[in-house]
Structure formats: C-alpha cells, structure tokens
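To keep things clear, I will list the structure first and then write my remarks on it.
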Amino acid sequence: MERNTCMILALDVTDREEALKIAEDVWEFVDAIKVGYPLVLATGLDIIRELAEFAPIIADFKVADIPNTNRLICDQVFEAGADAIIVQGFTGRDSLDACIEIASEYRKDVFVVSEMSHPGGAEFLQPAAEAIAKIALEAGAFGLVAPATRPERVKKIRKIIGDKLTIISPGVGAQGGKASDVIAAGADWVIVGRSIYKAESPKEAACEIAEEIRAELCGE
Ligand code: XMP
C-alpha cells in the first residue's frame, strides 16, 4: 500500500450507490478504502471489486477464529479482490499464521489488531496489546491497528515494533482522535469513517483532514 495522503477511508455506509458515490468523491484524498461488515453484509462481497476501481481495499473483518476457519475466510476475501485484511491477534500465533500464510499466497497484506480504539478496548485488549504486537512482528504481518483515541499507546507500540511494521489508526474525528496527533505519535495512516462519510461534503471533509496530515508531516 502506497503512503501518500496517509489516510484510509472507513466506508461504513450500507447502500451500494452511496458507497460508490463517496468513493468517487474522495479517492484522491485517501490511500485505501476500508470496508467491513456493515457495507459487505448490506451489499454483498462484490462491492470489494467495485470499490477497488478507486483505491486499494482493506477488508476489516477482524478475523478471530481457529486456523482452518481463518484460512477459509482469508481465501474468500482475497479471492473477492481485497488487498489487505484486518485480523485479531488475541486468538494466538497459530490463527495469525494461518491468515499470513494465505495472504502471502495471494501476495496481499495482513493487519493485526493490537488494541481497539473505543473505551472498552482498554478493558481486555490493552493489557495484551504489546504481546500481540510482538507476535505480529514475528509472524510477518504487514501492520498493526492501534488506537487514534490514545496517541500515547500508538507511540508505545511504535517503540516496540520500530519501523518493521506499519500502523493504521482508527478513532479520528467521531471517536475524538486528532489526525495530526496520531501521525505525530507514529501512525503511518489514520482511518476516518463518519467524519467523512457523514459530512455534508465528504470531499471537503477528506480534503481538510488530508491537509492537516500534510501540514503535520511538513512540520508546518
Ligand atoms: P469512525 O466512524 O469512528 O470509524 O471514524 C472507524 C472505523 O474503524 C473501525 N475501527 C476499528 N478497527 N480496530 C479495528 O480493526 C479498532 O480498534 C477499531 N476502532 C474502530 C470501525 O469499525 C470503523 O469502521
């Protein structure tokens, strides 16, 4: 995945036409589009290939099963045209290895959730986050998902993984995180959903956040 705008759109709308319209409006401001259960359950897996016309697609299915089932899920997702998949790390090394094995067959990427961005993410997952980051590194993942709502945690995770893994960070805008703070803390990409797709002008909203990130990276 190329790093240009350092922003990923989380496209959690449930209408196909609306999804395609937003993708068409904002593609130039994002490096990837993240799709998850809301859009795929509402419109079908084919939406991945349709959206892939605009940007690389990250399938956020937070895969969390036994190795064999993980393998079957990843196979379907990559066959459908996704460029990357988000999987859970708490299921353990064997389950993660299964995802990475299928991803490497397709030459695609795996992002591992280390800690979630909502308040409940601090309850059970946060204490395991650093261990999850380490197994993701050992297993050969492409990146981690770390919370934009807690930039200090992004900084800590970045220290553990160095520059060997990328970090994508959800929680900007609607959940209270600030794009420039998370990029400054060491995230490679921020993930933004509602602040863009619910805006009166998704294009203007995306442009504004992209500009904030650009200014942070240029030290302005
Ligand atoms: P909003 O509307 O809050 O959307 O900007 C955020 C998007 O990111 C997803 N999300 C997460 N995904 N780990 C993940 O893998 C997380 O900690 C996390 N927090 C939010 C959320 O489902 C939505 O698509």
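Each ligand, and each atom within it, is numbered from 1 in the order the structure gives. This is a predicted model, so every value here is computed, not measured.
- Each of the following atoms of ligand 1 lies closer than 4.0 Å to a heavy atom of Val113: 15 (O).
- Of the protein's heavy atoms, Asp12 OD2, 3.1 Å lies nearest to atom 23 (C) of ligand 1.
- At least one N or O atom of Lys62, backbone or side chain, sits closer than 3.5 Å to an N or O atom of ligand 1.
- Taking every heavy atom of Arg194 and a limit of under 4.0 angstrom, the matching atoms of ligand 1 come to 1 (P), 2 (O), 3 (O), 5 (O).
- Contacts between Met116 and ligand 1 below 4.0 angstrom, taking non-hydrogen atoms only, involve backbone and side chain alike.
- Nearest protein heavy-atom contact of atom 9 (C) of ligand 1 is Lys34 NZ, 3.5 Å.
- Considering backbone and side-chain N/O atoms, Val145 never comes within less than 3.5 Å of an N/O atom of ligand 1.
- Within the listing of ligand 1, atoms 15 (O) sit less than 4.0 angstrom from a heavy atom of Ile86.
- Under 4.0 angstrom from ligand 1, the non-hydrogen atoms of Asp60 all belong to its side chain.
- When each of Ile22, Leu20, Val30 is paired with Leu11, the side-chain contact (heavy atoms from CB on, under 4.5 Å) condition holds for Ile22 and for no other.
- Looking at Arg214 and Glu211, a side-chain N of the basic residue comes within less than 4.0 Å of a carboxylate O on the acidic one, giving a salt bridge.
- Shortest contact from atom 19 (N) of ligand 1 to any protein heavy atom: Ser117 OG, 2.6 Å.
- The side chain of Pro170, and not its backbone, has at least one atom closer than 4.0 Å to an atom of ligand 1 (non-hydrogen atoms only; side chain from C-beta on).
- The shortest separation from a heavy atom of His118 to ligand 1 is not under 4.0 Å, leaving the residue out of contact.
- Heavy-atom proximity to Ala10, at under 4.0 Å, picks out these atoms of ligand 1: 7 (C), 24 (O).
- Taking a 6.0 Å sphere around OH of Tyr37, one finds it holds more than 12 heavy atoms contributed by other residues, nucleotides or ligands.
- Set against the non-hydrogen atoms of Gln175, the atoms of ligand 1 under 4.0 Å away are 3 (O), 6 (C), 20 (C).
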